[in-house]
Protein chains: 2
Amino acid sequence: MKKADLKVMIVDDEPDILEFLSFALAREGYQVETAADGMEAYSIALKYQPHLFILDIMMPQMDGVELCAKLREHELFQDSLIAFLTAKSGDDTEVEALDMGADDYIHKPIKPKVFVSRINALTRRLRKKKTNDAGAKNFGRLIINHEKFEVKLDGVAIALARKEFELLRLLTTKPGKVFSRQEILNKVWGVDVIVVDRTVDVHVRKLRGKIGSEFIKTLKGVGYKFTF
Amino acid sequence: MKKADLKVMIVDDEPDILEFLSFALAREGYQVETAADGMEAYSIALKYQPHLFILDIMMPQMDGVELCAKLREHELFQDSLIAFLTAKSGDDTEVEALDMGADDYIHKPIKPKVFVSRINALTRRLRKKKTNDAGAKNFGRLIINHEKFEVKLDGVAIALARKEFELLRLLTTKPGKVFSRQEILNKVWGVDVIVVDRTVDVHVRKLRGKIGSEFIKTLKGVGYKFTF
DNA sequence: ACATAACTTCATGATTTTATAATATATAAT
DNA sequence: ATTATATATTATAAAATCATGAAGTTATGT
């Protein structure tokens, strides 16, 4: 996963700091979202689902430590990274924050260069992973998750019927390889099922209608192939 | 994985510090090994295969930054945690260390309490891996307490029959994953029990009646999945 | 032993998926 | 350009699948 695929949420009640940090991380390539308070942050986070949170401690309504605790309770954020960035001194606060589930506790003031290096160090393990989604296969604009039985085009989920999904699954096992209709029938329908050749065409048509027609190419007289 | 299963290697050329840190981490339950220099550390590490390294920077023969680089080159230590603990000031060193692959850079002097919290925070993800099955899981509106055998929807307790609870538990082990009826029967009923497929449908229906129908989705011809 | 709850199976109708046939369009060969 | 052939598209009938209600069966607690 690249930095461009990583979503960072910065929570601080001082607009200047928000802007400053956003700028620094956006320049690194991260996707950045901001919030000015813990409450606001939590409700945005439920939708935005950040990979990394950068939290101030002292904020109106809900402070950073509370937010951290609340995030860690939720299944969605079990694997998210949480870093505090604060001017608040005191070892007890730091211990509390770390014991609560924070991954780093960064003291202000800090040089941008150092800050960015720390953030990069935190996200390094996420970046090393191949895909966003465990078990998902990535074909450019198209992501296929076999376990979830789900296909995403440009991040948008597309509902496929079973045969459509299985046809797509077969074709994507070997991108570029041409599958004859007979081979498709054997592998998707099974050797004992008797189905007319043209049926494959209809399913290809339906697939194209849903995922777009650029992925599946027809080779006249031969069969179909998947490319991306 | 528990702390007792985690091997930590501390590398510092001052015996007092080695002893001090060893004591602190051993008391936490970690297995601790020490070395006084980068060279020595590397050769021991090849056999000992630590999960976490705590490195001083200034040492004779091979310094901490060199050692870090050398470790990261080796396949064995790709996933190991590396933390620097040093009195050396200077942002450039910190940036260099972090960019080289270090996971944390801790400044001396530091209180033992804070040091231990930071180390615990670093190893948390390793420790979490297998301890995850018990306790409560939070899926937004739905909270499932596996130990208490209790489900709450918007804070209100809901009484589930055993099969209903176990079905929900299975589905929530992997939110998003599609479970076929056969898989559900095998995992909830057991492989030797003979029950008709449709039975699963009836239990899903009862579950939906109690927790609402938005959590469990049907994939026609495939199975059911939990989403939140 | 009784009452109650939990579980399984079956039947029905609604809905979705699938296969096929019919027709239109595209492609390659002559 | 014409023809033959393969494929695309649309419509529709058939089949598969599921939600639901109800009835029968087994387990559990009092």
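This one's a predicted model, so the numbers in the text were calculated from it and none came from an experiment. Here is the naming used below: chain letters follow the sequence lines, and residue numbers restart at 1 for every chain.
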Compute whether any side-chain donor of one residue and acceptor of the other, for A/K3 and A/Q31, lie under 3.5 angstrom apart.
no

State whether a side-chain donor-acceptor pair under 3.5 Å links A/Y30 with A/T123.
yes

Look only at the side chain of [X] and the backbone of [Y], and say whether a donor-acceptor pair between them is shorter than 3.5 Å.
{"X": "A/Q49", "Y": "A/A45", "value": "no"}
{"X": "B/R118", "Y": "B/D104", "value": "no"}
{"X": "B/E183", "Y": "B/F179", "value": "no"}

Cationic tip of B/K217 above B/Y224 ring, under 6.0 Å, 45° of axis:
no

Please determine whether the number of non-hydrogen atoms from other residues, nucleotides or ligands lying under 6.0 Å from atom NZ of B/K174 exceeds 12.
no

Considering only heavy atoms, which members of residues 163-187 of chain A lie under 4.0 Å from some atom of DNA chain C?
A/K163

Strictly below 4.0 Å, heavy-atom distances to any atom of DNA chain C: list the hits from residues 197-211 of chain B, or just say none.
B/T199, B/V202, B/H203

Starting at the 5' end of DNA chain C, which residue's closest nucleotide do you reach first, A/V195 or A/K220?
A/V195

Heavy-atom nearest nucleotide on DNA chain C taken for B/A161 and for A/V193; more 5' hit belongs to B/A161

At less than 4.0 Å, is any side-chain N or O atom of [X] found next to OP1 or OP2 of [N]? Yes or no.
{"X": "A/T218", "N": "D/dA6", "result": "no"}
{"X": "A/Y224", "N": "D/dA6", "result": "no"}
{"X": "A/W189", "N": "C/dT18", "result": "no"}

Once you round it to whole Å, what is the distance between C1' of D/dT7 and NZ of A/K217?
16 Å

Taking CZ from A/R162 and P from D/dA15, how many angstroms apart are they, rounded to a whole number?
17 Å

Quick one, A/W189 with A/E166, criterion side chain to side chain contact (heavy atoms under 4.5 Å, CB included). Give me CA distance, side-chain angles, the key distance, then yes/no.
CA-CA 9 Å; A/W189 274 258; A/E166 283 175 358; over 6 Å; no

For A/L219, report the nucleic acid contact type (base, sugar-phosphate, nothing); a contact means any heavy atom under 4.0 Å.
sugar-phosphate

May I have the step-by-step check of ring pair (Phe, Tyr, Trp, His ring centres under 6.0 Å) for A/F228 and A/F215, ending in yes or no?
CA-CA 6 Å; A/F228 68 102; A/F215 293 106; 8.1 Å; no

